[in-house]
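The structure appears below as structure tokens.
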Amino acid sequence: TRIPWLGTNEPETHTSGICSVTGVKFGKGITLTVAETGERFHFATNDIYCRWVENRTKSDGEDNRPIIRQSSGDKKLHGIYTEIFYQGHLCCDYMHLGKDKVFGFELTSQADSYHFTALRDKIRGAIICGAIGDAMGRQVESRSPGTYPPATWYIPWSGWRSGPIGTITGGTQMTMWLAESLVTNGRLDPADLAYRFTHEWIRGIGQATRQFVGNSKDRGLPWYQCGVNSSGNGSAMRAAPVGIFFRNDFDELKLAAGIQAMVTHNDPMAITSSIIMAYATARLLRMSVTEIDDIGTMTLFCRDLADAVDGIEECGAYTTRNDKTPSTLAKRIGIDIPRLLESKMPPREAQKELSSGAYVLESLPFALYCFLYSPGHFDRVLYNSVNESRDSVTVSAMACTLCGALNGLNRNMDRQYWTKHKGYCDHDLLPATPIDPDKDFLAELEFSSELINISDRLASCAWVEE
């Protein structure tokens with residue numbers, strides 16, 4: 001990760017030696033060579049190195065003393081990353097894997113900007129449409145597709161007495177808490193995030209998250225030791241706020257997406273899934289549906305996502321649950337999804353190959369497939385992701401998040417099918433789903449005003465380097 005430079009030479013990481021400051025022997029530290037003098041300094045930890053650099057630049061000395069070259073980015077979070085990786089707490093060195101990405105143009109956070117209104121609508125779409133998918137999918141969670149009457153409207157929790165019937169699950173709760181943590185702190189603070197995750201009741205809590213909470217509250221472990229070695233999909237489902245907040249800086253987006261995943265799911269594939277969802281969200285905020293409605297543009301989009309995480313999952317050994325074939329998210333998204341899209345395979349048939357359980361190797365690719373199958377038609381994305389998947393809550397939340405980031409809330413809530421954009425896989429623009437177009441998704445969605453509020457705060461509060 002990016003740490004301060006002294007002179008023109010970047011510090012070497014993962015080195016061994018005797019610490020120049022403390023005299024202790026280390027196996028995973030930092031070595032700095034000062035090009036002007038040939039001096040080599042060794043540091044056991046990132047904190048020791050940063051303090052040494054700070055003291056050196058503050059002290060009086062020769063006029064030819066090398067000038068500090070400060071790195072950009074959240075130095076504190078980069079330092080945390082280095083520390084927890086050196087200490088063996090982080091499952092993989094994901095920041096040094098995958099290809100670097102550059103966003104084509106910067107998205108504003110200035111409310112008086114001409115483009116801000118459209119961006120805010122897209123951010124609302126990502127957060128609120130994801131919540132709609134969550135609330136719709138809850139009623140058929142874990143049921144096999146085709147074995148029940150299709151879900152076409154909200155059904156409240158068992159024991160519900162009053163209020164909106166579109167009740168959300170823990171995934172949307174954690175999405176809101178992550179967003180709140182980002183805008184409150186102006187950065188990703190993993191300790192604050194872990195505190196928020198463990199001090200509220202989580203609805204329908206998953207196995208990995210339950211174990212994370214136990215590690216924190218019952219065992220009293222620090223946040224960086226609480227994450228579970230699980231390739232579940234919880235960290236991907238809540239990752240969109242990271243993509244929104246860090247929408248103009250891929251490096252910081254990648255760092256934060258991985259760390260927020262590690263808080264609960266300390267696993268290479270789970271970290272990869274969080275980066276993919278965050279990056280996809282940031283990309284789609286910049287796109288219109290006409291830029292992703294052809295097999296060529298969809299293939300390029302999938303390959304771009306796969307390139308961003310290439311190699312991270314090699315730290316694990318993952319196989320499909322159907323036939324135990326070795327696979328990764330990078331392969332499924334970069335190769336398998338374009339192949340299925342090219343054949344225009346309906347989601348029900350694609351689900352038989354991809355599967356759609358809580359294993360993120362299944363659920364994230366299938367969510368992406370449901371979105372790309374009808375990117376301009378929210379009702380179709382919602383219907384297919386809810387009714388053609390097993391983990392319908394998470395699949396639908398992720399698919400609808402992506403559809404919201406692309407089209408925006410207003411366009412997705414305009415239910416007139418003839419206004420929708422016909423994509424590569426769409427045979428027509430007829431309704432094709434039994435979802436009643438006269439019903440109001442927002443009016444019956446729980447916490448809709450809170451979701452709009454946090455969306456608007458995210459729109460006005462993008463990451464800014466200090």
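These values consider heavy atoms only, across backbone and side chains, with no hydrogens, waters or symmetry-generated copies. Remember, predicted model here, so these are calculated numbers, not experimental data.
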Inset, instruction - Under the side chain to side chain donor-acceptor pair (under 3.5 Å) rule, what do Asp267 and Tyr318 come out as? Steps first, then yes or no, please. - result: CA-CA 11 Å; Asp267 171 85; Tyr318 302 99; 3.0 Å; yes
Legend entry - Chi angles and distances behind the side chain to side chain donor-acceptor pair (under 3.5 Å) call for Asn233, Ser363: CA-CA 7 Å; Asn233 53 24; Ser363 47; 3.0 Å; yes
Inset, instruction - Just do the side-chain contact (heavy atoms from CB on, under 4.5 Å) check on Asp192 and Thr184 with the steps written out, would you? - result: CA-CA 10 Å; Asp192 176 72; Thr184 298; 5.9 Å; no
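The CZ atom of Arg283 lies 13.0 Å from the CD1 atom of Ile276; values are rounded to the nearest 0.5 Å. Between Leu97 atom CG and Ile312 atom CD1 the span is 6.0 Å, to the nearest 0.5 Å. Rounded to the nearest 0.5 Å, atoms CZ (Phe246) and OG1 (Thr281) are 13.5 Å apart. For the atom pair Tyr383 OH and Glu388 CD, the distance stands at 6.5 Å (nearest 0.5 Å). Here CD of Glu313 is found 4.5 Å from OG1 of Thr328. Values are rounded to the nearest 0.5 Å. The line from NE2 of His115 to NZ of Lys122 is 13.0 Å long, rounded to the nearest 0.5 Å.
By the 6.0 Å and 45° rule, Lys254 does not stack over the aromatic ring of Tyr279.
At most 12 heavy atoms of other shown residues, nucleotides or ligands fall within 6.0 angstrom of atom CD in Gln207. Residue Arg415 places its CZ atom among more than 12 non-hydrogen atoms of other residues, nucleotides or ligands, all under 6.0 Å distant.
One finds no salt bridge joining Glu362 and Arg332 here, because no Lys/Arg side-chain nitrogen approaches an Asp/Glu carboxylate oxygen to under 4.0 Å. With respect to the salt-bridge test (charged N to carboxylate O, under 4.0 angstrom), the residues Asp336 and Arg339 qualify. One finds no salt bridge joining Asp310 and Lys99 here, because no Lys/Arg side-chain nitrogen approaches an Asp/Glu carboxylate oxygen to under 4.0 Å. A salt bridge between Lys420 and Asp426 is absent, with no side-chain N of the basic residue lying under 4.0 Å from a carboxylate O of the acidic one.
The minimum heavy-atom distance linking Val393 with Gly137 is given by the pair CG2-C, 3.7 Å. When all heavy atoms of Pro156 and Thr167 are compared, the pair lying nearest together is CA-OG1, 3.7 Å. Closest of all the heavy-atom pairs between Phe212 and Val228 is N-CG2, 3.8 Å. Residues Leu372 and Cys302 approach most closely at CD1-SG, 3.5 Å, considering heavy atoms. Heavy atoms only, all atoms of each residue included: Ala131 and Leu451 are closest at CB-CD1, 3.7 Å.
Relative orientation of the Phe441 and Tyr154 rings is perpendicular, given thresholds of 30° and 60° on the angle between their planes.
For the residue pair Arg390 / Ser144, a side-chain donor-acceptor distance below 3.5 Å is found, with atom types taken as modelled. With 3.5 Å as the limit, one finds a donor-acceptor pair spanning the side chains of Thr290 and Ser288. Side-chain atoms of Thr320 and Asn322 include no donor-acceptor pair closer than 3.5 Å.
Among Glu450, Arg238, Arg196, the one residue that satisfies the side chain to side chain contact (heavy atoms under 4.5 Å, CB included) test with Met176 is Glu450.
A distance-only check finds no donor-acceptor pair linking the side chain of Arg247 to the backbone of Phe103 [under 3.5 Å].
Taking the ring centroids of Tyr81 and Tyr94, they lie under the 6.0 Å cut-off.
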